[in-house]
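As structure tokens, the structure follows; a few thoughts come after it.
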Amino acid sequence: MVRSNAEVAALLQEYADLLAITGGDAFKARAYEKAARAIDGFPTDVAGLDTKGLQEIPNVGKSIAEKIVEFLHTGQVSIVEEARAEIPAGVRELITIPGLGPRKALILHQELGISSVAELLDALDDERLRDLKGFGEKTEANIRHGIALLQQAGGRILLGAAMEAAEQVIAALSEVTGCRRCTYAGSLRRMRETIGDIDILVAAEHSAPFMEAFAALPNTAEVIVQGEKKTSIRTTKGLQVDLRVLPPAAWGAGLLYFTGSKAHNIRIRELAVRHKLKLSEYGLFHTETGRNLASRTEESVYARLGLPWIPPTLREDRGEVAAALRNALPELVTEADIRGDLHTHTDLTDGVASLADMVDAAAARGYTYYAVTDHAPDMAMQQMTDAKMLAQREQLRQLNGKYRKLHLLHGTELNIGPDGEVDWPAEFLAGFDLCVASVHSHFNQSRDQLTKRLVRACENPHVKIIGHPTTRLIGKRPGIDADFDAVFAACARTGTALEINAHPERLDLNDEDILRAKRHGVKFAVNTDAHATTHLPYMRYGVGTAQRGWLTKDDVINAWPLPRLRRFLAQGRSA
DNA sequence: TTTGCGAGCAAATCTGGAATGACTTCCAG
């Protein structure tokens, strides 16, 4: 069954946006926003709950619970429909542009009748914004820049959303009689940070039942093409999904071909040609005789070309074929190697789950250690105090005895200020098992300032991990412009690990930065930055990104046994 | 609209920088 929480959360967030645009009660808008966040991070499917059950969720009261029930029964909510009728969807789209908020969006709509990004671009070109109150040259430039950022994503969706959609399709097709194998291929299997369209492969003798089942899926909005070998659909969310049904004997060759990348495929086809062989999606063939030499598994195809199996995350033509020929492929870190998460939050700051619930979820994942790292006081909104942090530490120490296998670490996520300073004096920092430090503001400093700022944070002996180092948000905000080679060198020199933030909106560092940083001799921490129990599984995307950066478990500090991790955390700290 | 304290009503995360244009909007988490 489709998990409804994300849909309900999206609807509540939409209503909150519409309230903000129409200038309704700000507290009401915020109430809907808070409820949306709570439901998104709620571990149980809300579709199975009644109004009473829904009200058990924090920040969901009677009124919102009734609206959720209305949505679950009828697929819509009347007051949301009324608000939609008043504010065109395009106006809401305007506030997704960085630099444009609800106030200005409403002015654009009321004064100039703008109700889409395209109309806004036209108005910018005609210089029609100049005369509006509150708009100037700088605002114009900001809006243009924001639109360019949005368009860069070019219709691609985030890895996490693509994976969820693919797994729903796979679950459905795996139930069809005659399904021998079913999996995803393409850039999704290579764990690229954004996905253009989803490729699903099925191994079966007969394709027709799969093509029919695929076209009839509940989330299918439109069938683009339907044939014997391939069917393409568009989902209700506008995402294209392609299904290909392969004969079981050609599974390996097909999977290899449709996984790509194109550049990797070209590279191994060249290798085949040199061996007087021909590689296609149907198999590896002898050029002269046409005899099929390998096709059933990927391993057999690679082996016949004199190669070990190459993990999909390496298939980008970045030297993986040459390394495979030398038998020098790295032994990549896997999700099973990860022993703990070192950057997570609770509802003491901006998380939505309690300490006890987060720790329970970590234990269920089989971790041997787990760090809680709530925000520190310099992020004023979090209203952190020494007393609150110490009380949490006490609560954590008491929980520590509850689990046989899981060891809890008390940490914090510090804010790296404009000058590179962090929250709290050294004496207080010495009390933590682990300090992550991250940039959260002042992104537009000069390159020189940003570099010095990050280097200074690395030089703080209590800072052991730099969180989301570039602070980019994929498709929304570019990374900061620092001299990262200088930062990586400082990390290596000071024994500071770089985070690979596993949240699908961040994936920060990205694969290319990881490769560069590794050359400097840096260690890494793959962390989820979880704000809900449902975020802990994002670890897979972080590990996929680490693999794309060619990392082994020796490179990743949270793949180490606890004593080795502790030695790393203690380095340079005298306290 | 929700929550908490107390049984209906008050309060609800902050804070500073930047841009714009003279006080407001937007942004970061």
Side-chain angles (χ1 to χ4, degrees), chain A residues 12-13 15-21 23-39 51 54-68 77 79-80 83 94-108 129-143 145-146 149 343 345-352 373-385 388 412-419 422-423 436-445 449 467-468 471-473 476-478 480 501 503 505-506 508 529-531:
Chain A
L12 296 177
Q13 181 61 54
Y15 189 55
D17 288 347
L18 294 172
L19 286 172
I21 293 170
D25 183 0
F27 288 112
K28 190 165 154 185
R30 194 140 73 198
Y32 277 93
E33 243 166 56
K34 278 157 79 174
R37 246 167 66 80
I39 285 169
T51 47
L54 287 164
Q55 284 181 78
E56 309 262 311
I57 302 171
N59 296 312
V60 176
K62 184 162 171 282
S63 174
I64 291 181
E66 284 169 355
K67 291 180 179 76
I68 295 172
V77 178
I79 61 157
V80 178
L94 295 181
I95 67 169
T96 63
I97 298 169
L100 199 58
R103 283 274 154 272
K104 287 191 166 148
L106 186 65
I107 291 174
L108 289 172
L129 270 58
R130 298 266 166 100
D131 308 328
L132 294 176
K133 192 166 176 272
F135 289 78
E137 268 183 53
K138 262 298 203 202
T139 307
E140 258 183 30
N142 280 344
I143 292 174
H145 182 69
L149 263 179
H343 179 179
H345 297 271
T346 73
D347 60 6
L348 182 63
T349 57
D350 55 352
V352 298
T373 57
D374 271 314
H375 289 288
D378 284 2
M379 304 233 346
M381 178 191 173
Q382 308 297 347
Q383 299 196 306
M384 181 51 71
T385 62
K388 278 195 201 173
T412 182
E413 182 185 13
L414 301 168
N415 179 55
I416 304 176
D419 53 0
V422 297
D423 325 51
V436 180
S438 324
V439 167
H440 296 108
S441 61
H442 300 86
F443 307 123
N444 292 323
Q445 287 180 315
Q449 278 177 312
H468 44 76
T471 77
R472 71 157 177 179
L473 292 177
K476 289 189 187 155
R477 184 175 75 206
I480 52 173
N501 190 297
H503 196 291
E505 285 184 4
R506 292 192 184 269
D508 179 14
D529 197 357
H531 284 67

- Item | Closest-nucleotide ordering on DNA chain B, the 5'-leading residue of A:Tyr15 and A:Glu137 |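 Nearest nucleotide further toward 5': that of A:Tyr15.
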- Taking the nucleotide of DNA chain B with the closest heavy atom to each, which residue, A:Lys138 or A:Gly101, is nearer the 5' end?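 Nearest-nucleotide comparison on DNA chain B picks A:Lys138.
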Taking only the side-chain nitrogens and oxygens of [X], find out if one of them lies under 4.0 Å from OP1 or OP2 of [N].
X: A:Lys133; N: B:dC23; value: no
X: A:Ser63; N: B:dT1; value: yes
X: A:Arg37; N: B:dT2; value: no

What's the closest nucleotide to the side chain of [X] if the choices are [options]?
X: A:His442; options: B:dT2, B:dG17, B:dA28; value: B:dG17
X: A:Lys67; options: B:dT1, B:dC26, B:dG29; value: B:dT1
X: A:Thr139; options: B:dT25, B:dT20, B:dG29; value: B:dT20

Between [N] ([atom2]) and [X] ([atom1]): distance, integer Å:
X: A:His503; N: B:dG29; atom1: NE2; atom2: P; result: 11 Å
X: A:Arg130; N: B:dT20; atom1: CZ; atom2: C1'; result: 14 Å
X: A:Asn444; N: B:dC27; atom1: CG; atom2: P; result: 13 Å
X: A:Leu473; N: B:dA28; atom1: CG; atom2: C1'; result: 10 Å
X: A:Asn142; N: B:dA19; atom1: CG; atom2: C1'; result: 8 Å
X: A:Leu132; N: B:dT24; atom1: CG; atom2: P; result: 18 Å
X: A:Glu413; N: B:dG29; atom1: CD; atom2: P; result: 10 Å
X: A:Leu106; N: B:dC26; atom1: CG; atom2: C1'; result: 15 Å

Rounded distance in Å between the [atom1] positions of [N] and [M]:
N: B:dC23; M: B:dC27; atom1: P; answer: 23 Å
N: B:dG16; M: B:dC9; atom1: P; answer: 36 Å
N: B:dA12; M: B:dG6; atom1: P; answer: 16 Å
N: B:dT15; M: B:dA10; atom1: C1'; answer: 24 Å
N: B:dG21; M: B:dC26; atom1: C1'; answer: 15 Å
N: B:dA18; M: B:dT13; atom1: P; answer: 26 Å

- Base versus backbone protein contacts along nucleotides 3-13 of chain B [heavy-atom cut-off under 4.0 Å; B, S, -]: S--------BB
Spell out, as yes or no, whether a donor-acceptor pair under 3.5 Å connects the side chain of [X] to the backbone of [Y].
X: A:Asp423; Y: A:Asn415; value: yes
X: A:Thr412; Y: A:Asp374; value: yes
X: A:Lys388; Y: A:Gln383; value: yes
X: A:Arg130; Y: A:Glu140; value: no

- Item | Check: A:His503 ring centre within less than 6.0 Å of A:His468 ring centre |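 Not close enough - the centres of the two rings lie 6.0 Å or further apart.
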- Message: Any base atoms under 4.0 Å from A:Lys476, or only sugar-phosphate, or nothing? Heavy atoms, all strands.
- Response: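 Contact class for A:Lys476: none.
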- Message: Classify A:Ser441 by what it touches in the nucleic acid, base, sugar-phosphate, or nothing, heavy-atom distance under 4.0 Å.
- Response: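 If one applies the 4.0 Å heavy-atom cut-off, A:Ser441 turns out to touch nothing in the nucleic acid.
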- Message: With no hydrogens and no angle check, just 3.5 Å: does a side-chain donor-acceptor pair link A:Ser438 and A:Glu413?
- Response: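 Note: A:Ser438 and A:Glu413 side chains meet the donor-acceptor criterion.
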- Task: Scan side-chain atoms only and decide if A:His345 and A:His343 contain a donor-acceptor pair under the 3.5 Å cut-off.
- Result: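 Side chains of A:His345 and A:His343: pair found under 3.5 Å.
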- Message: Strictly below 4.0 Å, N to O, side chains only: are A:Glu66 and A:Lys62 in salt-bridge contact?
- Response: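 Here A:Glu66 pairs with A:Lys62 in a salt bridge, since their nearest N and O are under 4.0 Å apart.
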- Query: Across all strands shown, which nucleotide pairs with B:dG8 by Watson-Crick or G-U wobble geometry, both distances under 3.5 Å?
  - Reply: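 Its partner is B:dC5 (Watson-Crick or G-U wobble, both distances under 3.5 Å).
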- Query: Can A:Arg477 be said to sit on top of A:Phe443's aromatic six-ring, NZ or CZ under 6.0 Å from centre and within 45° of the ring axis?
  - Reply: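 Flagged: A:Arg477 positioned over aromatic ring of A:Phe443.
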